[in-house]
2 protein chains.
Amino acid sequence: MSLEDLEDEGRRAKPEPVTERAGAYTKPTLKTIAEMTGLAVTTVSRALADAPQIALETRLRVRQAAEQIGYLPDRAAQRLRTGRTNVISLILDPHEEILGYATSMIRGLTEALRRTPYHLVVTPHFSDTPQIDPVRHIMRNRMADGIIFTRTEPSDPRVKLLMENNFPFICHGRTELATAHPYVDYDNYGFAYQAARKLIDAGAKKLSIILPPERFTFAHHMRHGFMTAVREEGIGFEIARGVTLDSKSDDIRDYLYHRMGEPECPDGFICGGEVSALAVMAAAYDHGLALGKDVRLVAKQTSGLFDQVRPRVETIYEDLSEAGLLMGRLLLKRIAGPVPVHELQALQTV
Amino acid sequence: MSLEDLEDEGRRAKPEPVTERAGAYTKPTLKTIAEMTGLAVTTVSRALADAPQIALETRLRVRQAAEQIGYLPDRAAQRLRTGRTNVISLILDPHEEILGYATSMIRGLTEALRRTPYHLVVTPHFSDTPQIDPVRHIMRNRMADGIIFTRTEPSDPRVKLLMENNFPFICHGRTELATAHPYVDYDNYGFAYQAARKLIDAGAKKLSIILPPERFTFAHHMRHGFMTAVREEGIGFEIARGVTLDSKSDDIRDYLYHRMGEPECPDGFICGGEVSALAVMAAAYDHGLALGKDVRLVAKQTSGLFDQVRPRVETIYEDLSEAGLLMGRLLLKRIAGPVPVHELQALQTV
DNA sequence: ATGGCGATTTATAACGATATAAACGCAGTC
DNA sequence: GACTGCGTTTATATCGTTATAAATCGCCAT
């Protein structure tokens, strides 16, 4: 159905074109349908909501009329009246350079929101203000029906605030709070554990891991998995000092280059991110060290990037797109009504 | 100011707590301020709009009261009344795997929208429906005040539709339409031209370029820049057949691997994307060809990725974050009022 | 006929903001 | 004292939707 058809329908429906400018396209509303069918606006509204008090025949007639003129409810009006926004807010730190991290998640989220009335609004969180500000803002001003955020901390104030106010949300990552809360997380313990075992199996004698910043819960998970593996094997290890996965990639490379020139340097590296893995490779290359022989590497893979990286690097995959999908689905479920918390938790395994 | 303070203010303002549940936080509205100041709702509205008919003293008093209770206008109500949505819609194809492409642009966009009342809404366009659908939908249902989209085509129907309806938009990339339209674009002609010259200067004897899909305008620009350079130098060349920058990276690598095993293979490659550049490197590696000696490469860089890639690769930078910033600024300017089209065009130079 | 009942439809008010036109108070003028 | 004009404030209506209560209808029992 073309735009022109719709205009025609709109005009035909209005018997008295009083103030209507010729050719002006007027958006169909409930009133339009009411005039078409000779019913009251209220009836049309109820009919479209499929209320059982409205005669079945009327409901069908109304639905048909609505379809004919391509009626879509006005979101602003619905929102004003009902208080529901039909918006899911994704809080993103636009300074995060994390390669494709957000993109993958957005892909999964939009997939989950497909064919629902929900829109995805990206709410930036600029790091010069407290993390909790956008959350408070969204809650206080009813900017969304649900919130999604990432980079969860052990005693994350955002989680506390949202739980206290019973506001629907899903976060990427877990807290260490006593009360259970909704989340989608990746098993970073398992990642680090498996990565360490792979390196050991391949013959590495001393392991090193570059961790996320300490303030994030998943840094602890990774460390724990790493420590468990090295302790089990009684192998040498160290944890990269002064740099994290959030450091500028040049800084990571500089650190590694420096470290590789020192005695007792590790020969097995674990990287929780693709860019830092490339930095390891660059540092080794600049030292003339052979990857897979002098130095070994296991990286977390979140995109197709490492399929093209040579020499080939062992990777463990984290599906961020699926994480987004899960977060979207769980959030919609939570918004629809009260759900036991454990049904709103998902852990992606290695 | 804490949430509790706000509640207190809210209650203090209401002299008769009739239906108000104790402790329930009620969002401040114009009415709240009206009751606080003893003015009419209309006056408060006009005062906050800084209308000159309202006495300066009143304006100040109202503004102070608003600040005190942390008043923020209800977007749904404003939208319903004024028809303005305060929303910028970014149309994204969530199936695009383009690494960080969207993220960079979103970063720039959110920066441009910062401290404005505008929100960024990501509108997915699933490739199983016509490209124009989301545009039409946004226009017909007034879902946004302005639209941003990417991957512009020579006679892009989206541009036509938006121009016909005088709807504010900026697209990333240009059309070849007769009528000028707003855009932000990167000089891909210059990119390909410079890339070719770099390769020739480095001693390459036969050049190859991997182009974007033909339907996008920037594919033509790239080809043109490429052809101009090779013609000027009278050097051998070819254009990758059967694969584009949108192909799966494995397919690109397979194509290149195959090509590198044939006679008269190019020894200089131009890649308009980071993943495809890695694919070139992988193919060369798998053949045992030395990069920078047997095979040369110039890549377009849109992230910090290639700073860590070894051996070092010559790159030309495209600032997508800046593109997003520009698009945001220009769109806001356009929304604010009519602007000559040439003031809404920006070309990022190489 | 009268009342009551179930099934269906409708009128009214409200959400929170703003555009429009009207009203108000107070000066100065005739 | 009535009139005009100015600066300021306010009442009213409206955007499109929906929750609530009220109204209408036919039909059956009284």
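Naming: A, B, ... by sequence-line order, numbering from 1 per chain. Please read all numbers here as calculations on a predicted model, not as lab measurements. Computation of the quantities below employed the complete heavy-atom set of this structure, encompassing side-chain atoms and omitting hydrogens, waters and symmetry-equivalent molecules.
- Bracketed by its first and final contacts, the part of DNA chain C lying under 4.0 Å from non-hydrogen atoms of chain A reaches from C:dT8 to C:dG16 in 5' to 3' order.
- Taking each heavy atom of B:M163 and B:A180 in turn, the nearest pair found is CE-O, 3.1 Å.
- Direction of the helix axis in the helix from C:dA1-D:dT30 to C:dC30-D:dG1 shifts by 90° between the two five-pair termini, rounded to 10°.
- Side-chain N/O atoms of B:H172 and B:T152 include no donor and acceptor closer than 3.5 Å.
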Can you give one letter per nucleotide of nucleotides 16-27 of chain D, 5' to 3': B if a protein heavy atom sits under 4.0 Å from the base, S if only from the sugar-phosphate, - if neither?
-> BBBB--------
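- Considering CD of B:Q53 and OG1 of B:T43, their distance stands at 11.0 Å, rounded to 0.5 Å.
- Taken from SG in B:C171 to CG in B:D156, the straight-line distance is 7.0 Å, to the nearest 0.5 Å.
- When all heavy atoms of B:L330 and B:I170 are compared, the pair lying nearest together is CB-CD1, 3.6 Å.
- If you check the side chains of B:T103 and A:T103, you find a donor sitting under 3.5 Å from an acceptor.
- The side-chain tip of A:R158 does not point at the ring of A:F169 from less than 6.0 angstrom away and within 45° of straight on.
- The CD1 atom of B:I33 sits 15 Å away from the P atom of D:dT9 (whole-angstrom rounding).
- When the salt bridge (charged side-chain N to carboxylate O under 4.0 Å, His left out) test is applied to A:K333, the partners found at least two apart in sequence or on another chain are A:E343.
- Protein atom CD1 of B:I54 is 6 Å distant from nucleotide atom P of D:dT9, rounded to whole Å.
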Under 3.5 Å, which donor-acceptor pairs do the side chains of residues 54-63 of chain A form with other protein atoms, sequence neighbours left out?
residue: A:R59; atom: NE; partner: A:I54; partner atom: O; Å: 3.0
residue: A:R59; atom: NH2; partner: A:I54; partner atom: O; Å: 3.2
residue: A:R61; atom: NH2; partner: A:T37; partner atom: O; Å: 3.0
residue: A:R63; atom: NH2; partner: A:D50; partner atom: OD1; Å: 3.1

Hey, can you pull the donor-acceptor pairs under 3.5 Å for the side chains in residues 83-90 of chain A, sequence neighbours left out?
residue: A:R84; atom: NH2; partner: A:Y118; partner atom: OH; Å: 2.4
residue: A:T85; atom: OG1; partner: A:V87; partner atom: N; Å: 3.1
residue: A:T85; atom: OG1; partner: A:D145; partner atom: N; Å: 3.1
residue: A:T85; atom: OG1; partner: A:D145; partner atom: OD1; Å: 2.9
residue: A:T85; atom: OG1; partner: A:D145; partner atom: OD2; Å: 3.4
residue: A:S89; atom: OG; partner: A:T123; partner atom: OG1; Å: 2.6

